[in-house]
Trainee: 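Attaching a single structure in C-alpha cells format; questions to follow.
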Amino acid sequence: MAQTLYDKIWQAHYVGQRADGNSLLYIDLQLLHEVTSPQAFEGLQLARRPLWRVNANLATPDHNVPTTDRDKGFSGITDEIALEQVLTLDENCKKFGVEQFEINDPRQGIVHVVGPEQGATLPGMTIVCGDSHTSTHGALAALAQGIGTSEVEHVMATQCLVQNKAKNFAINVSGRLVPGVTAKDLVLAIIGLLGTAGATGHTIEYRGEAIRALSMEARMTLCNMAIEAGARAGLVAVDDTTIDYVAGRPLAPKGDQWDRAVAYWRTLVSDEDAVFDQTLDLDASQIAPQVTWGTSPEMVSGVDQQVPDPDAMSDAVQAESARLALDYMDLQPKQAITDIKLDRIFIGSCTNARIEDLRSAAAVIRGGHVADNIKQALVVPGSGLVKAQAEKEGLAQIFMDAGFEWRAAGCSMCLGMNPDQLGEGEHCASTSNRNFEGRQGYGGRTHLVSPAMAAAAAVAGHFVDVREFG
Amino acid sequence: MQAFTTLEGFAAPLDRANVDTDQIIPKQYLKSIKRTGFGDYLFDAWRFTDPGRMGMTPNERSLNREFVLNQPEYQGASVLLARDNFGCGSSREHAVWALQEYGFRAVIAPSFADIFFGNCFKNGVLPIALDAAIVDELFSQVADGLELCIDLAAQTVTVLGSEKVFEFTVDPALKQKMLSGMDDIDLTLAESALIEHFETGHRERQPWLFRD
C-alpha cells in the first residue's frame, strides 16, 4: 500500500503494543534543556531507573540563559531560581553521563538550532524534546515532536513514546515566494488559513514546488510553526537540499555509513499515490509579508491589510476572541497594519535565529538606523556557532552600527524567561513563534513577523512592507 | 499516577477559545525544578492584577475580582468548562500540574490541543471532548450551579438534579491506564524484551543512528 513519508517513519519505529493496548514508538534522539527535564531526572532517580540509552540524549541550556555577561558562565545568571535550574541540568548531565553543550561551550544554543547544526538531527529519525517547537527538525524529514515532562522521563527510561498514530495532512504549496516574502510569511499565512487547531491530530507534510525551492533553514522555520497550526509534527521530504545540508556535520555519519544512510534517506518521500486524510493547497506567489495583530498566531494579516473588524466576523466565538485580542493589543478595527507603532524589536528564537535569518535582516538595514521611538532592538543568534559566523561575515557590525544590541545565544525574548522581556503595554515586532498574552513579558504585545520585516520595522519605527522598503 | 474512576463535583466556566498553556501557567513559574507548587499561579495573569513571582502566595497578590474563577460561587470547583482548542501552545506539563493542584480533576471542552491532552492522561486529569452544542448547553447552566458526575468506566457525564446524561468517547487504552492509575514506565518496562528486540533490528537497519 502506498505510504506517506510519515507512515514510513512511523512504521520504521513501531515497536509494538503494550499489554494494555497502548502503542510504543521507538525514539532515536531526545534533546534536553533545563526547563522541562529536572522533574524527569528526579523521577528517574527516585525510582532508581537508569537511562535506557545514554547516547540517545543530548542537552544544552537555552530557555533561562542570559544573553549578556556570558563570559561569567553560571555566575552571569543573576536570577537565583533560574541559576538553580541551569545548574541542575549540568549536575544531571554529569550524573547520568549525558553529553551537554554547557553554558560556555561555543556549540551552546537553542536546542532546535543546535540539533540540525551539529548533525545530531538526521533524516528518518524520531526525535523528542520537552518543547513544542521540536517540530522544527521535521525539515530534515525527521519525525520530531514536543512532549511533556512525564513523557521526557518515559523516553529516558524506556527509549519509547506511548503514542497513537496521527493522521496525514498534506499542505501543497505551488509557485514561488516573491522577493521579500519568506518561509515565515508562508507559515503564518498557512496558520491564518488553517487556524491554530486546524491540524490537531495530524502530522503535516509540506509539499510542492515552493517547498522544494526553500533552503534547509527556511524549511526549519516552516516546520517550527507546525505546532502553531495544532500539528505535533511537520515534515519535508528528503531531496538534494537535505542531503547537502547534513553532509560533513560533526555528528553526521561518515564513509561507508554515509553512503548507506544516504541510500536509505532517498526513500524518505511520500509515495506518489499516497493518500492524505486532509489537504490544503495554496499558491506561494500570492502571499504578502505577514504581521500578526492578535494574541494567537492565526490572527494574522498581510502587511498591506487592515486590522479586521470583529463585528464583521460571522462566527460568534471567533468575533469574541478577536474583540478580546484587540482590547489586549490596544488596536482599533480597520486600523492599517502599517500604522502600528512599535517599542521593541526582537530578532531571534528557534523560528528565525539561523545565519540566513540574520543575513536577511542585515540586508534590509543597509546603512539605516533603528528609529528613535524604538526603545530596544535585539539580535539574539540561535547558537554560539551562528553568532561566530555572523561576526565573521560582518553582520554583527551591521546590526551594531544600526543601533541593534548584539547578544549571546538563547531563547531570550521569545518567551522572556531570562531578563530579556517586554514592558507592560509595549508593542514588539518579533521573529518568534507565539503572540500569546504576556508571552514576551507581562502585559507585552507581540507581533510576529519575518526577520526582514522586523529589520525594516526597526528602521521605520512602525511596520512597513519590506517589498517596497529602501 | 492518581487513578481516575468517578468524579462528582461542580463546574466553573472559562468562556474563551484557544486558551494556551502560557495563560494556564506563565513562564516565570517554569523555573522551578519541582513538580508541585504551581496551583497558586494557575491563570496567573487573569486571576491577579499584578505580575507575580515564584514563591509569592495568593495573599500577597492583588486579586482580579472580575475574573470568573475568583467569583465566590466557583470556589471549590473540580470541573473546568472550556472552549475549543484548550491547552494549545507550549508543551509545558506544568499547565496540567497547575490545574490539578488548584483542584480541577476534569476539563470539558469541544476540543483540546494534542500535547496538553496527552499530558492530562499522564497525571490523572481527565480531558473530556463533548460536542460544541452540548458544551454550549453546559455553559448556559453553569451560573445556576452545575453539578456533574463523571464516570470514566461508563464514559458518561451526568448533570446531577436532571435527567441529562452525555456520553463521551475515549481511547480504550488511555481509558484503561487512567482507571488503573498504574505507572506508565512500569507498564512499558514490562515490555523490555520487545523493545530490546526492536532495537537490535533497528541498529542493523540504520547503524548510523547509534553513536554507541
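FYI, side chains are in, hydrogens and waters are out, and symmetry mates aren't considered; it's all heavy atoms of this structure. Convention: sequence-line order gives letters A, B, ...; per-chain numbering from 1.
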Trainee: So which part of F41(A) gets closer than 4.5 Å to some heavy atom of chain B, the side chain, the backbone, both or neither?
Mentor: neither
Trainee: For H94(B), is it the side chain, the backbone, both, or neither that has a heavy atom closer than 4.5 Å to a heavy atom of chain A?
Mentor: side chain
Trainee: Could you please spell out the steps behind the side chain to side chain contact (heavy atoms under 4.5 Å, CB included) verdict for V162(A) and K122(B)?
Mentor: CA-CA 11 Å; V162(A) 178; K122(B) 305 289 182 189; 4.2 Å; yes
Trainee: Nearest heavy-atom pair of T188(B) and C160(A): which atoms, and what distance?
Mentor: CG2-CB, 4.5 Å
Trainee: Non-hydrogen atoms of chain A under 4.5 Å away: do they reach the side chain of K34(B), the backbone, both or neither?
Mentor: backbone
Trainee: Take D20(A) and K175(B) through the salt bridge (charged side-chain N to carboxylate O under 4.0 Å, His left out) test and state the conclusion after the steps.
Mentor: CA-CA 10 Å; D20(A) 65 353; K175(B) 174 181 170 181; over 6 Å; no
Trainee: For the pair F198(B) and Y26(A), name the ring-plane relationship: parallel under 30°, tilted 30 to 60°, perpendicular over 60°.
Mentor: tilted
Trainee: What part of D50(B) is in contact with chain A, defined as an atom under 4.5 angstrom from a non-hydrogen atom: side chain, backbone, both or neither?
Mentor: backbone
Trainee: Go through the atoms of W52(A) and report whether side chain, backbone, both or neither lie under 4.5 Å from a heavy atom of chain B.
Mentor: side chain
Trainee: With a 4.5 angstrom heavy-atom cut-off, which part of D171(B) approaches chain A: side chain, backbone, both or neither?
Mentor: side chain
Trainee: Which atoms of D183(B) are under 4.5 Å from chain A, going by heavy atoms: the side chain, the backbone, both sets, or neither?
Mentor: side chain
Trainee: For N119(B), which atoms come within 4.5 Å of any heavy atom of chain A: side chain, backbone, both, or neither?
Mentor: side chain
Trainee: So which heavy atom on L189(B) is nearest to which on A157(A), and how close?
Mentor: CD2-O, 3.6 Å
Trainee: So which part of N64(A) gets closer than 4.5 Å to some heavy atom of chain B, the side chain, the backbone, both or neither?
Mentor: side chain
Trainee: Report the relative orientation of the aromatic rings in Y264(A) and W208(B); use parallel for angles under 30°, tilted for 30 to 60°, perpendicular for over 60°.
Mentor: tilted
Trainee: If you define the side chain from C-beta out and look only at heavy atoms, does anything of H202(B) sit under 4.5 Å from D28(A)?
Mentor: yes
Trainee: Would you say E93(B)'s side chain and T36(A)'s backbone share a donor-acceptor pair under 3.5 angstrom?
Mentor: no
Trainee: Could you check R232(A) against S91(B) for side chain to side chain contact (heavy atoms under 4.5 Å, CB included), going step by step and ending with a plain yes or no?
Mentor: CA-CA 10 Å; R232(A) 261 181 123 150; S91(B) 62; over 6 Å; no
Trainee: Against chain A, work out which of S180(B), S192(B), A190(B), G201(B) has the most heavy-atom pairs shorter than 4.5 Å and name it.
Mentor: S192(B)
Trainee: With only heavy atoms counted, which part of I81(A) is less than 4.5 Å from chain B, the side chain, the backbone, both or neither?
Mentor: both
Trainee: Within the supplied structure, the quantity of interest is the number of heavy atoms (other residues, nucleotides, ligands) at a distance under 6.0 Å from Q176(B) CD; does it exceed 12?
Mentor: no
Trainee: Apply the test side chain to side chain contact (heavy atoms under 4.5 Å, CB included) to residues V317(A) and D84(B): give CA-CA distance (whole Å), side-chain angles for both, the deciding distance (0.1 Å), then the verdict.
Mentor: CA-CA 9 Å; V317(A) 174; D84(B) 262 315; over 6 Å; no
Trainee: Working note: Q39(A) + W97(B), criterion side-chain hydrogen bond (donor to acceptor under 3.5 Å, both in side chains); need CA distance, chi angles, decisive distance, verdict.
Mentor: CA-CA 12 Å; Q39(A) 297 89 351; W97(B) 299 336; over 6 Å; no
Trainee: In terms of heavy-atom proximity below 4.5 Å to chain B, should R18(A) be classed as side chain, backbone, both, or neither?
Mentor: both
Trainee: Are K27(B) and Y442(A) packed together at the side-chain level, in the sense that at least one heavy-atom pair is separated by less than 4.5 angstrom?
Mentor: no
Trainee: Which atom pair, heavy atoms only, marks the closest approach of T196(A) to N85(B)?
Mentor: OG1-ND2, 3.1 Å
Trainee: Within the 4.5 Å heavy-atom criterion, are I147(A) and I115(B) side-chain neighbours or not?
Mentor: no
Trainee: Give, as side chain, backbone, both or neither, the part of E298(A) having an atom under 4.5 angstrom from any heavy atom of chain B.
Mentor: side chain
Trainee: Using a cut-off of under 4.5 Å on heavy-atom pairs, state which of D79(A), I227(A), N433(A), L324(A) scores highest against chain B.
Mentor: L324(A)
Trainee: May I ask you to name which of Q421(A), R53(A), Q318(A) has the most heavy-atom pairs under 4.5 Å with chain B?
Mentor: R53(A)
Trainee: Checking K31(B) side chain against M417(A) main chain: does a donor-acceptor pair fall under 3.5 Å?
Mentor: yes
Trainee: Check whether P26(B) gets within reach of chain A through its side chain, its backbone, both or neither, counting any heavy atom under 4.5 Å.
Mentor: neither
Trainee: Check the pair T200(A) / F117(B) against side chain to side chain contact (heavy atoms under 4.5 Å, CB included), numbers first and verdict last.
Mentor: CA-CA 11 Å; T200(A) 299; F117(B) 189 79; over 6 Å; no
Trainee: For the interface with chain B, which of G230(A), S296(A), G201(A) has the highest count of heavy-atom pairs at distances below 4.5 Å?
Mentor: G201(A)
Trainee: Let me know if Q23(B) has heavy atoms under 4.5 Å from chain A in its side chain, its backbone, both or neither.
Mentor: side chain
Trainee: Quick one: closest heavy-atom pair of N22(A) and A173(B), and the distance?
Mentor: OD1-CB, 3.2 Å
Trainee: Report which part of E80(A) has an atom under 4.5 Å of a heavy atom belonging to chain B: side chain, backbone, both, or neither.
Mentor: neither
Trainee: Report which part of T149(A) has an atom under 4.5 Å of a heavy atom belonging to chain B: side chain, backbone, both, or neither.
Mentor: both
Trainee: Relative to chain A, which of R83(B), M54(B), K177(B), Q28(B) shows the most heavy atom pairs under 4.5 Å?
Mentor: K177(B)
Trainee: Is chain B contacted by the side chain of E320(A), its backbone, both, or neither, given a heavy-atom distance below 4.5 Å?
Mentor: neither
Trainee: Need one label for R260(A): side chain, backbone, both or neither, based on atoms under 4.5 Å from any heavy atom in chain B.
Mentor: both
Trainee: E34(A) versus L30(B): any side-chain heavy-atom pair under 4.5 Å?
Mentor: no
Trainee: Who wins among D20(B), L209(B), D44(B), T21(B) for the most heavy-atom pairs under 4.5 Å with chain A?
Mentor: D20(B)
Trainee: Kindly indicate whether the side chain of E84(A), heavy atoms from C-beta on, has any atom under 4.5 Å from the side chain of I33(B).
Mentor: yes
Trainee: Are any side-chain N or O atoms of D22(B) and backbone N or O atoms of R439(A), one a donor and one an acceptor, separated by less than 3.5 Å?
Mentor: no
Trainee: Less than 4.5 Å to any heavy atom of chain B: does that hold for the side chain of H63(A), its backbone, both, or neither?
Mentor: neither
Trainee: Identify which of E151(A), E228(A), Q159(A) forms the greatest number of heavy-atom pairs closer than 4.5 Å to chain B.
Mentor: E151(A)
Trainee: Who among P253(A), A82(A), P297(A), A261(A) has the most heavy-atom pairs with chain B under 4.5 Å?
Mentor: A261(A)
Trainee: Between E153(A) and chain B, with a heavy-atom cut-off of 4.5 Å, which part of the residue counts as in contact: side chain, backbone, both or neither?
Mentor: both
Trainee: May I ask you to check whether over 12 heavy atoms, not counting those of R203(B), lie within 6.0 Å of atom CZ?
Mentor: yes
Trainee: Is the backbone of P207(B) close enough, under 3.5 Å, to the side chain of Q257(A) for a donor and an acceptor to pair up by distance?
Mentor: no
Trainee: Go through Q145(A), R49(A), Q163(A) and name the one with the most non-hydrogen pairs under 4.5 angstrom from chain B.
Mentor: R49(A)
Trainee: Top residue by heavy-atom pair count (under 4.5 Å) with chain A, among V96(B), N18(B), D184(B)?
Mentor: D184(B)
Trainee: Using non-hydrogen atoms and a 4.5 Å limit, figure out which bit of R35(B) sits close to chain A: side chain, backbone, both or neither.
Mentor: both
Trainee: Only pairs of heavy atoms separated by less than 4.5 Å count here; which of S90(B), A113(B), A17(B), A95(B) has the most with chain A?
Mentor: S90(B)
